[in-house]
Amino acid sequence: MVIIMSKESKEKDIEDIISVLDERGFDIHRSTGVDHTILGVIGDTSTLDPRTFQVYEHVIDAYRITAPYKLVSREFKKDNTIIRIKDVEIGGNETVVMAGPCSIESREQIMRIAEQVASAGAKILRGGAFKPRTSPYSFQGLGEEGLKYMREAADKYNLLMITEVMDKDQIALVEQYTDIIQVGARNMQNFTFLKALGKAKKTIFLKRGIAATIKEWLMSAEYILAGGNNKVIFCERGIRTFETYTRNTLDVSAIPIIQKLSHLPIFADPSHGTGIRDKVLPMARASVAAGAQGLMIEVHDDPDHALSDGAQSLYPEQFKGLMDEVRAIAEVIGRKVANGTTK
Ligand code: PEP
Ligand code: MN
């Protein structure tokens, strides 16, 4: 159930309601906005009558949320969530681009690629340091050494940093370096991990599971919000279908669907979504046209020798071209993409 309090309500009015609910054993999630405070009542609220709260002074409305995902839903919060990290605003009017290699391979590699993607207009540097792969015999990543290189590269080129965390025991270590924690597709329903991420300080980038429905994906985000962390970004990265031509099938329709059902931002990852370099640009165009609040793009300056995902990585020049095109598309739908530092 949601209880919306007017901006005239005093702390005491809010606390009175919280204590009534607390006595009855409910958890309360409080979200303080400019115009009102929203109290999210978590638990089996079937025994609560919204009318009991509607009569309180300063209560604008009280109603039940019908969706199984509560805190994540638009019913709970009607305005888009905007996540500000340093000088980057995610979920606002700018379509924010994250780019970089699949894996951090060396200090020199991440430094070079960071400069290239920053100059094309990317705001966030991506790269994996822990890379458990489909095969245990493939390259497994540089670990903490990679995180150090990536932080240095991100700081040098004024980029934020995103990297994948594989399990709950790694959160504390990776949080010392990264701005955003990526949850990989294969971990989307690792519920003990999601609960631990609810206690994390950093923003969570939640990739869609390879066979997850949109509802399951929303429920995974609910775990993180229910744990106390409201900073979640969805990322559509393709799902497994009967089609084998592409590595995955990028579900572009998930973008407007998530935006209808949730207030949280959604990005698209056409690199993993297609697995094929020359399909990344058209699907990036489509995602931006569909209203994605951001993109994740794999970029490598020597993809033939990349230690992972070379076949889907764009050359820096191609990435620059992609940025120019999505900038033009974003404008058509009243959004914008940052300019690069070089022309
Ligand atoms: C990645 O971003 O490099 C990655 C492994 O992504 P996913 O979890 O979507 O496969
Ligand atoms: Mn990859």
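In each ligand, atom 1 is the first atom listed, and ligand 1 is the first ligand listed.
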Next on the checklist: Can you tell me which N/O/S atom of D309 has the shortest distance to the Mn ion (ligand 2)?
Outcome noted: OD2
Next on the checklist: Rounded at 0.5 Å granularity, tell me how far OG1 in T37 sits from CD1 in I3.
Outcome noted: 12.0 Å
Checklist entry - Once you round to the nearest 0.5 Å, how far does CH2 of W217 lie from OH of Y69? => result 12.5 Å
Checklist entry - Distance-only, no hydrogens or angles: does the E105 side chain make a donor-acceptor pair with backbone N or O of L307 under 3.5 Å? => result yes
Item to check | the Mn ion (ligand 2) to H272: nearest N/O/S atom name | outcome: NE2
Next on the checklist: Quick check for you: with the Mn ion (ligand 2) as the vertex, what angle do OE2 of E298 and SG of C102 span, to 10°?
Outcome noted: 90°
Checklist outcome for this item: Residues with a heavy atom under 4.0 Å from ligand 1, by chain and number, are C102, R126, K131, E164, Q182, G184, A185, R186, K207, R237, H272, E298
Checklist entry - Distance-only, no hydrogens or angles: does the T178 side chain make a donor-acceptor pair with backbone N or O of E175 under 3.5 Å? => result no
Next on the checklist: Tell me whether D13 contacts the main-chain N or O of K10 through its side chain, where contact means a donor paired with an acceptor under 3.5 Å.
Outcome noted: yes
Next on the checklist: Please identify which of these residues, E145, E152, R151, meets the side chain to side chain donor-acceptor pair (under 3.5 Å) condition with Y149.
Outcome noted: E145
Next on the checklist: I want to know whether F234 and F267 have ring centres closer than 6.0 Å.
Outcome noted: no
